[in-house]
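Since the structure comes first, as structure tokens, the remarks are kept for the end.
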Amino acid sequence: MKKIGVAILGLGVVGGGTYRILENRREFFKRTQGLDITVESVLEPNAARLAELGVPAEKAVSNIAEAVCDPDVSVIVECIGGVEAARDYVLGALHAGKTVVTSNKELIAKYWSELERTAKAHNAGLYFEASCVGGVPIVRTLLDGVQANEIDCLMGIINGTTNYILTEMTEKGVSYEVALEAAKSLGYAESDPSADVDGYDAAYKLSILASLAFHTKVPLSKVFREGIGSVSEEDIADGKALGYRLKLLAVGKRSAEGIEVRVHPAFVRGDHPLASVDGCFNAVFLTGDAVGDVMLYGRGAGSLPTASAIVSDIVYAATHGEHRYSTFRNTAAPEKDVKFAADFKSAYYLRLTVCDEPGVLAKIASVLGKYNISIIELIQRQAGEGKCTLVLITHETHERSALNAVAKLNATDYAKVESLLRVAL
Ligand code: HSE
């Protein structure tokens, strides 16, 4: 029977889950895969974690070299997090010809080309299913399941923390601050929540997923990013009244104008499959020219869901004769002939406070019309003191036109745009 020795670097949430699955499923993998997968060593300085998982003392190593130099270890699972130390560890392992499996999206988003070049040079594998949307097998789907297709559009809710916060705001009508505290108390949000709420985590994942979907390098620097920190409960309620749900959406599109990649809050129509992805759940919706629409849904974080993806990579690497690398030239910068759209198109939600006087609505429509922006729906309510609130949804327009129109309206004495949010129609 084929033997696979694994070293796990970091025994936190994900590394611990990986240890548990590998320990508990040893007989299962022998039976189903003909593989005897054993954890040979664990690098974890926290003795309590080692004790909690019952790691035998002889398996606890104190430095990376011990794990990498062990001839019985062929796969290194990197779960230490962070970037620079992880990069050094992973490069060291690849140089030694060891296959690396990682859940580290920031590492892959920033150093994928260097790591892949090193892996190829040393006939080692580099696998990262767990880096994108945890337990949801989206990387494998893009590489294997839909390879017959040209994919021109991919949209996802790929961060569970922000989806939990926005769901709380939508369902309970609470403020961003209250929902964030709830996310922290449940352990979804970190004490410094910026990686999630400012959209960095989703941007890392989107840069990887868009590269795989479009078969070309989509660097992190090309991802437009806006977080959820300034979303108000009023906007969520107004969007809900119009039949929309607010999500932190990751969008990758390819058109004649070029590739666009963006992460920002966006309203999705209530009847879109992504609208019902709530709480800490994630989903990716993609459209292939042969298969049509496909949606994958599941847990994007957590110990066993993420470990499930890591273990599937270990099994994949062990059961395929050759390692799999990118389907494109994985250079740090994009290929010269690949065009990135300078501007993107979207529909928009605008909330305005306006003077409640004859002709004001016509003047607002006229400003929007000058920028070729057409209104789909509109609601109006009294705001007191001679003012009213207008909430409107536009047809698709270029972002630049929408921003210019907003600046023009804000320069008038009859209208103030309180908020602008994108809408995925
Ligand atoms: N913090 C991420 C999330 C999970 O909330 O989805 C890991 O990427």
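Numbering starts at 1 and runs along the sequence shown. We count ligands from 1, going down the list as the structure has it; atoms in each ligand are counted the same way. These numbers come from the heavy atoms of this one structure, side chains and all, not from hydrogens, waters or symmetry mates.
- For the atom pair Lys98 NZ and His122 NE2, the distance stands at 13.5 Å (nearest 0.5 Å).
- For Tyr164, the ring-ring contact (aromatic ring centres under 6.0 Å, His included) partners two or more places apart in sequence, or in a different chain, are Tyr188.
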>> The test is salt bridge (charged side-chain N to carboxylate O under 4.0 Å, His left out); show your working for Arg381 and Glu234 and say whether it passes.
In response: CA-CA 13 Å; Arg381 61 172 177 269; Glu234 190 173 355; 3.2 Å; yes

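- When the side-chain hydrogen bond (donor to acceptor under 3.5 Å, both in side chains) test is applied to Tyr371, no partner is found at least two apart in sequence or on another chain.
- Residues passing the ring-ring contact (aromatic ring centres under 6.0 Å, His included) test with His398: none are found, sequence neighbours excluded.
- Only one option out of Arg422, Glu399, Glu396, His395 pairs with Tyr348 in a side-chain hydrogen bond (donor to acceptor under 3.5 Å, both in side chains); it is Glu399.
- The immediate protein surroundings of ligand 1, defined as residues with any heavy atom under 4.0 Å of it, consist of Lys105, Asn159, Gly160, Thr161, Asp196, Asp201, Lys205, Ala301.
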